[in-house]
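The structure under discussion appears below in the form of structure tokens.
We count residues from 1, following the sequence as given.
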Amino acid sequence: MSHFLGLRTVLYPATDLAAMKDWYTKALGFPPYFDEPFYVGFNVGGYELGLDPNAPPSTGGGQQIYWGVTDIEATVAFLQTLAATIDSPVENVGDGILVATLRDPFGNALGLIHNPHFTLPG
């Protein structure tokens with residue numbers, strides 16, 4: 001029996017919590033469900049995106065989180081209009097799976113994936 005239930009939360013350090021909350025509200029198209037001075041949480045398809053002003057800055061430990069999207073090209077283009085920058089452009093990594101990585105305006109890695117073998121919740 002596995003003790004793991006699956007991915008639940010992606011946490012980004014928020015040096016400017018108000019600016020990050022505003023940016024992610026625009027990027028996601030909806031406001032946070034939890035909004036306090038010590039933490040802002042968004043419910044993204046049943047998973048949590050957390051903005052934490054008390055989290056230590058990312059050390060770039062090699063982990064990469066990918067958010068599932070239905071149209072990766074359109075999502076990348078939209079995020080660029082909000083000042084996200086591309087780290088690696090959309091790439092087919094095999095079997096129809098498309099990935100891209102960007103940086104939000106605050107320097108956080110933002111991975112996107114379109115995997116036709118998985119269905120998105122909702």
When you measure from the side chain of Thr75 to the backbone N and O of Val69, does any donor-acceptor pair fall under 3.5 Å? no
Hey, does Ile97 have a side-chain heavy atom less than 4.5 Å from the side chain of Pro116? yes
Non-hydrogen side-chain atoms of Val76 and Ile86 separated by less than 4.5 Å: yes
Could you tell me how the ring of Tyr24 sits relative to the ring of Tyr12: parallel (under 30°), tilted (30 to 60°) or perpendicular (over 60°)? tilted
Is Tyr66 close to Thr101 at the side-chain level, that is, under 4.5 Å between some pair of heavy atoms? yes
Enter the distance from Asn108:CG to Leu11:CG here, rounded to the nearest 0.5 Å. 9.5 Å
Straight-line distance of Lys26 NZ to Phe78 CZ, nearest 0.5 Å: 9.5 Å
Give a yes or no on whether Glu73 atom CD has more than 12 heavy-atom contacts from other residues, nucleotides or ligands under 6.0 Å away. no
Could you measure the distance from the CG atom of Asn92 to the CD1 atom of Ile72? Nearest 0.5 Å is fine. 10.0 Å
Is there a side-chain contact between Val99 and Val90, using heavy atoms and a 4.5 Å cut-off? no
Under a 4.5 Å cut-off applied to non-hydrogen side-chain atoms, are Asp104 and Met20 in contact? yes
Sub-4.5 Å side-chain heavy-atom contact between Leu112 and Leu102: yes
So do the side chains of Phe42 and Leu51 get within less than 4.5 Å of each other, counting heavy atoms only? yes
Could you tell me the separation between the CG atom of Leu110 and the CZ atom of Arg103, rounded to the nearest 0.5 Å? 10.0 Å
Would you say Leu49 and Val40 make side-chain contact, with heavy atoms under 4.5 Å? no
Trp23 side-chain N/O to Pro105 backbone N/O, donor-acceptor pair under 3.5 Å: no
Within the 3.5 Å criterion, strictly below it, is a donor on Asp71 or His114 matched to an acceptor on the partner's side chain? no
Tell me whether Ile65 shares a hydrophobic cluster with Tyr39, the cluster being built from Ile, Leu, Val, Met, Phe, Trp, Tyr side chains joined at under 4.5 Å. no
Which heavy atom in Tyr33 sits nearest to a heavy atom in Glu48, and how many Å separate them? OH-OE1, 2.5 Å
Can you tell me how far apart CZ (Phe106) and OG1 (Thr15) are? Round to the nearest 0.5 Å. 7.5 Å
